[in-house]
Amino acid sequence: MPSSALTFKKSIATVSLSGTLPEKLEAAAAIGFDGVEIFENDLLTFDGSPADVRRIASGLGLEIAIFQPFRDFEAMPDPIRVRNLDRAERKFDVMQELGTDLVLVCSNVQPAAIDDPARAAADLAEMAERAHRRGLRVGYEALAWGRHVNRWRQAWDIVRQADHPALGLIVDSFHTLALDDDPSGIAELPGDRIFFVQLADAPKLSMDVLSWSRHFRNFPGQGALPVQGFLDAVLRSGYRGPLSLEVFNDEFRAAPARLTALDGLRSLIHAEAEAGHGSGLPAPPVCSGIEFLEFAVDAPARERLSGLLSSLGFHHAGRHRSKDVDLYRQGGVNLVLNSEEDSAASEHFQMHGPSVCAMAFKVDDAARAIARAEALRCVLWRERVGDGERRIPALRAPDGTLIYLVDDKEARRSIWEDDFHLFAELPSATQPLLGIDHVAQALPFGRMDSFVLFYRTVFGFVPESLWELPDPYGLIRSRALVSPEAEPGHGVRLPLNISESRRTATGRFVSATSGAGVHHVAFATADAATLVEDRLAAGAPFLPIPANYYDDLAVKHPLDDKALDGLKQRELLYDRDGQGEAGGEFLHAYTDSFDDRFFFEVVERRGGYRQFGAVNAAIRMAVQAQLREGARPELYLD
Ligand SMILES: O=C(O)c1ccc(O)c(O)c1
Ligand SMILES: [Mg+2]
């Protein structure tokens with residue numbers, strides 16, 4: 001840690017959290033924020049006095065960092081000017097009752113506002129002077145849609161011109177970055193003239209900036225704005241005040257306040273550390289792949305699942321030394337079927353039915369990864385272990401799924417040799433799977449940002465662009481998080497899916513399993529055609545693909561008749577990315593779903609194909625829906 005590292009106070013605006021004002025305060029305090037911004041609307045709708053708010057906050061150990069916003073103040077023609085100064089005095093009374101000394105004035109949006117920075121400066125100087133007499137301060141923020149002032153530099157020029165010690169600048173990453181304005185000059189400002197700093201990110205969307213700001217802001221690291229560069233500039237100025245999250249987001253307004261607050265704090269700790277401050281974070285793990293997936297099953301589900309796995313070419317490779325747990329293996333893929341009573345798996349089974357209850361990532365240093373996760377406020381997990389068995393460190397994903405971290409740095413034997421009675425190895429020629437290519441999860445609506453933040457900050461995964469996939473019964477939004485070192489047959493890839501509709505594959509999964517979870521698992525192979533042909537012969541339930549799909553494929557891609565026929569005979573789907581030599585190919589086949597829950601996929605990546613065959617997801621969802629509904633086209637044909 002450099003000796004210049006500073007820890008900043010962390011604050012959140014009440015507008016970022018759901019609930020009543022006391023609920024918001026309680027959530028912010030419980031999660032560990034130092035302070036809050038009291039958003040005026042939350043006070044107006046609170047059935048108690050500002051002094052009551054002060055008592056509640058101080059009882060929770062929360063500082064009220066600022067009261068905001070005070071709107072449409074500066075550069076108004078008389079007599080509104082005089083009225084605005086009276087209005088300010090009234091709000092100063094409220095601030096003194098609240099016990100905060102700072103108010104945010106956002107730039108005027110009124111058509112009546114005069115386009116004259118000198119008038120704005122004079123008005124703000126007058127307001128600051130009145131505040132000063134009461135020991136209060138005023139901060140001036142440029143709204144991106146302000147009538148005449150919408151950039152931080154304009155606001156700063158006005159603050160400088162007003163030249164009053166009780167008047168300072170407030171910067172908000174959203175307003176600057178949404179206009180594609182350059183924040184780097186903030187580093188040159190005197191840090192003590194910046195009175196407050198608000199941070200928010202947002203996804204890239206094309207819409208008017210006001211609607212974008214009011215509905216789609218999110219926490220730093222959840223969106224696509226360069227918030228880190230903004231923060232670096234702010235901190236280089238010498239600013240030492242709080243870092244505060246100010247997010248207007250329709251989904252956050254509906255989400256449980258504590259979940260949102262936890263994401264917010266995680267985001268701030270990460271941003272502060274990335275800026276070289278705070279107590280520091282150990283580097284993210286290098287994730288080289290998925291060591292195993294664990295399924296929670298009871299005895300009947302284990303019977304059926306092992307049958308499905310056998311049809312896909314897996315064999316029963318081992319039995320746990322002390323628990324009711326079996327290992328199924330093929331080549332580089334390890335699947336664990338856990339029926340142990342009184343375990344995390346059985347708890348998962350009670351809640352969700354047959355499902356993936358744990359993933360294990362292969363990492364370079366599990367202890368370092370756990371230290372990072374802990375610093376980012378993750379929930380850690382310690383499984384009960386038998387004598388001589390390996391304890392594998394683990395943490396909880398936001399949905400409660402366990403993520404084990406396996407490194408073989410100090411071990412002389414693999415986790416399998418440590419904990420399992422292993423049966424005789426089969427010849428590798430009979431095991432064509434290379435590893436787990438990707439693991440797709442279905443998330444409850446409104447939870448995407450939370451998962452993106454978790455995988456991005458804790459593991460350093462990189463979010464890919466958003467896809468919209470048409471299911472016959474609604475739209476699915478999909479975004480993959482990929483470990484930076486992912487190469488074909490290597491690394492971790494996690495597509496995350498959400499759907500507003502309860503009738504889509506994703507929506508049905510979330511309601512059928514009471515929450516988020518693994519929806520499908522894709523296995524990598526070097527030769528999908530041979531594998532699928534062999535497995536179809538062994539009775540594996542690969543989805544039958546409509547002939548129309550192949551007719552269309554012949555038009556889209558330069559495939560000769562032989563190649564096309566080879567795909568068609570084996571129910572293989574196809575995609576290409578890139579152009580010419582640089583292009584890669586993707587061959588894949590899906591199974592029908594197990595108990596209408598999860599399913600498997602076999603994939604072959606050729607020539608550096610980087611995607612997930614999303615263009616074919618609609619075909620898969622339609623075929624699965626037809627199988628599920630028992631659709632029979634002949635009923636509709638005369
Ligand atoms: O959307 C608004 O009006 C609004 C108000 C206050 C702020 O600090 C802000 O960034 C936006
Ligand atoms: Mg703001």
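Only a predicted model underlies this, so the values are computations on that prediction, with no experimental measurement involved. All ligand and atom numbering here is 1-based and tracks the order in the structure.
When non-hydrogen atoms are compared, ligand 1 lies under 4.0 Å from the side chain of Leu104 (C-beta onward) but not from its backbone.
Listed by atom number, the atoms of ligand 1 under 4.0 Å from Leu143 heavy atoms are 4 (C), 9 (C), 11 (C). Interface of Trp145 with ligand 1, defined as ligand atoms under 4.0 Å from a residue heavy atom, comprises 1 (O), 2 (C), 3 (O). Ligand-side atoms of ligand 1 in range of Gln198: 8 (O), range being under 4.0 angstrom from any heavy atom. For ligand 1, the atoms lying closer than 4.0 Å to a non-hydrogen atom of Glu246 are 6 (C), 7 (C), 8 (O), 9 (C), 10 (O).
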Exercise for the section: Step by step, work out the side chain to side chain donor-acceptor pair (under 3.5 Å) result for Glu464 and Gln611. Expected result: CA-CA 9 Å; Glu464 306 220 319; Gln611 303 170 27; over 6 Å; no
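Protein N/O/S atoms closer to the Mg ion (ligand 2) than 2.8 Å number 4 in this structure.
By the neighbour-count criterion of 12 heavy atoms within 6.0 Å, atom NE2 of His164 is densely surrounded, having more than that number from other residues, nucleotides or ligands.
Distances from ligand 1 to the non-hydrogen atoms of Phe248 include at least one value under 4.0 Å.
Here the options are Trp212, Trp145, Phe230, the test is ring pair (Phe, Tyr, Trp, His ring centres under 6.0 Å), and the partner is His175; only Trp145 passes.
Using a 4.0 Å cut-off between a side-chain N of Lys or Arg and a carboxylate O of Asp or Glu, Arg81 and Glu126 do not qualify as a salt bridge. Looking at Asp157 and Arg160, a side-chain N of the basic residue comes within less than 4.0 Å of a carboxylate O on the acidic one, giving a salt bridge. Between Arg217 and Glu246, at least one side-chain N (NZ, or NE/NH1/NH2) sits under 4.0 Å from a carboxylate O, which counts as a salt bridge. A salt bridge links Asp52 to Arg55: one of the charged nitrogens lies within less than 4.0 Å of a carboxylate oxygen. The pair Glu272-Lys10 meets the salt-bridge criterion, since a charged nitrogen lies less than 4.0 angstrom from a carboxylate oxygen.
In this structure, Arg87 forms a cation-pi arrangement with Phe70, its terminal cationic atom sitting closer than 6.0 Å to the ring centre and no more than 45° off the ring axis. The side-chain tip of Arg240 does not point at the ring of Phe8 from less than 6.0 angstrom away and within 45° of straight on.
Nearest protein neighbour of atom 1 (O) of ligand 1, counting heavy atoms only, is Arg214 NE, 2.7 Å.
Comparing heavy-atom distances from atom 3 (O) of ligand 1 across Arg71, Gln68, His175, Glu40 singles out Arg71 as nearest.
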